[in-house]
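Because the structure is a prediction, the values reported are computed rather than measured. If you read the sequence from its start, that first residue is 1, and numbering goes on from there.
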Amino acid sequence: MPNFQGSGFTIDLPDECIDASTYTFVLPENNGFSATLNIRHESAVEVENLKAHINVSLKALRDSVTDFTLLNQAAGKRGANEGVMSSFEWGAGEARVRQKQYCLLIPGETPRIYILTSTDLVSNAAQSDRIFNGIMKSFVPEPQ
């Protein structure tokens, strides 16, 4: 049985379990809203084109929210790994949200895509984007 170490706990798991953890980090409240950073990963075994894969997810989001706007998107490399950075907004009025999503494809025996998503109100984004950019730049996946 594999042993999993989380934030403040450990558990024993059956061999066939898959780690589908999502980590959420919360910034201090600003204007009544606490910005978040979510980090999750998914299997990339069947992913041939990272940008196309990400755009399928963005289309699903676009179809489920109001007033979705893709602000920018760039594909490139971080070291030897393929990555896509997308910035988008959705919602209306004072509740309009800005999200930035950084996706990194990690090849290997079990290829994975790490997805880091920051979320804040558009009105707070100028301040929190600097913080999130620094966090995202510091992200280093463990070797497989």
Side-chain angles (χ1 to χ4, degrees), residues 1-31 33-91 95-144:
M1 263 189 202
N3 181 272
F4 177 81
Q5 171 120 16
S7 181
F9 68 93
T10 61
I11 55 175
D12 292 326
L13 300 167
D15 290 335
E16 61 274 3
C17 271
I18 297 170
D19 179 3
S21 302
T22 299
Y23 298 90
T24 301
F25 302 93
V26 181
L27 296 182
E29 184 178 305
N30 185 11
N31 295 321
F33 187 85
S34 295
T36 61
L37 174 69
N38 290 311
I39 302 173
R40 66 182 179 86
H41 63 87
E42 60 187 44
S43 171
V45 171
E46 298 182 16
V47 175
E48 293 181 26
N49 181 308
L50 181 61
K51 188 173 178 183
H53 177 77
I54 298 307
N55 285 339
V56 168
S57 297
L58 288 179
K59 183 182 181 324
L61 178 62
R62 171 182 278 128
D63 293 345
S64 69
V65 299
T66 59
D67 299 322
F68 180 92
T69 303
L70 180 63
L71 301 173
N72 58 43
Q73 186 177 65
K77 292 256 187 195
R78 181 169 177 191
N81 301 315
E82 184 180 350
V84 176
M85 177 75 78
S86 306
S87 182
F88 43 91
E89 296 179 358
W90 52 271
R96 187 160 177 83
V97 170
R98 178 171 300 161
Q99 292 185 298
K100 184 178 283 189
Q101 193 173 75
Y102 172 58
C103 302
L104 192 62
L105 176 62
I106 308 299
E109 185 176 318
T110 308
R112 292 179 285 187
I113 300 171
Y114 281 93
I115 303 163
L116 290 77
T117 306
S118 64
T119 304
D120 203 350
L121 298 174
V122 169
S123 59
N124 295 341
Q127 180 180 356
S128 62
D129 273 355
R130 289 183 288 116
I131 296 166
F132 287 134
N133 289 341
I135 293 170
M136 290 177 178
K137 285 178 183 177
S138 75
F139 179 78
V140 178
E142 292 183 3
Q144 292 191 55

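- A distance of 6.5 Å separates OG of Ser87 from CG of Asp129, quoted to the nearest 0.5 Å.
- Between the OG1 atom of Thr117 and the CZ atom of Phe88 there is a distance of 6.0 Å, given to the nearest 0.5 Å.
- The backbone N or O of Asp67 sits less than 3.5 Å from a side-chain atom of Arg96, completing a donor-acceptor pair.
- For the pair Val47 and Ser43, the tightest heavy-atom approach, listed with the atom from each and the gap, is CG2-O, 4.5 Å.
- Of all heavy-atom pairs spanning Cys103 and Leu50, the tightest one is O-CD2, 4.0 Å.
- Rounded to the nearest 0.5 Å, atoms CD (Glu82) and CD1 (Ile113) are 8.5 Å apart.
- At a threshold of 4.5 Å between non-hydrogen side-chain atoms, the residues Asn38 and Thr24 count as touching.
- The two atoms that bring Leu37 and Ser118 nearest to each other are CD1-N, 4.0 Å, heavy atoms only.
- Residues Asp120 and Gln127 have side chains not in contact (no heavy-atom distance under 4.5 Å, counting atoms from C-beta outward).
- Closest approach of Met136 and Arg78 over heavy atoms only: O-NH1, 3.4 Å.
- Between Phe132 and Leu27, some side-chain heavy-atom pair lies under the 4.5 Å cut-off.
- Taking the six-membered ring where tryptophan is involved, the planes of Tyr102 and Phe139 are perpendicular, since the angle between them exceeds 60° and thus also 30°.
- To the nearest 0.5 angstrom, Asn3 atom CG is 5.0 Å from Thr10 atom OG1.
- A donor atom on one side chain and an acceptor atom on the other are found under 3.5 Å apart for Gln99 and Thr119.
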Taking distance alone, no hydrogens or angles, what donor-acceptor pairs closer than 3.5 Å link side-chain atoms of residues 52-62 to residues at least two apart or in another chain?
| from | atom 1 | to | atom 2 | distance (Å) |
| --- | --- | --- | --- | --- |
| His53 | NE2 | Glu42 | OE2 | 2.5 |
| Asn55 | OD1 | Gln73 | NE2 | 2.9 |
| Asn55 | ND2 | Lys51 | O | 3.4 |
| Lys59 | NZ | Asp63 | OD2 | 2.7 |

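- When the ring-ring contact (aromatic ring centres under 6.0 Å, His included) test is applied to Phe33, no partner is found at least two apart in sequence or on another chain.
- Going from atom NZ of Lys137 over to atom CG of Leu116 covers 14.0 Å, rounded to the nearest 0.5 Å.
- With a 4.5 Å cut-off on side-chain heavy atoms, Phe4 and Ser21 count as touching.
- No more than 12 heavy atoms of other residues, nucleotides or ligands lie within 6.0 Å of CD in Glu48, so this atom counts as exposed by the packing criterion.
- Checking side-chain atoms of Arg98 against main-chain N and O of Asn124 turns up no donor-acceptor pair under 3.5 Å.
- Separating the CH2 atom in Trp90 from the OG1 atom in Thr66 is a distance of 8.0 Å, to the nearest 0.5 Å.
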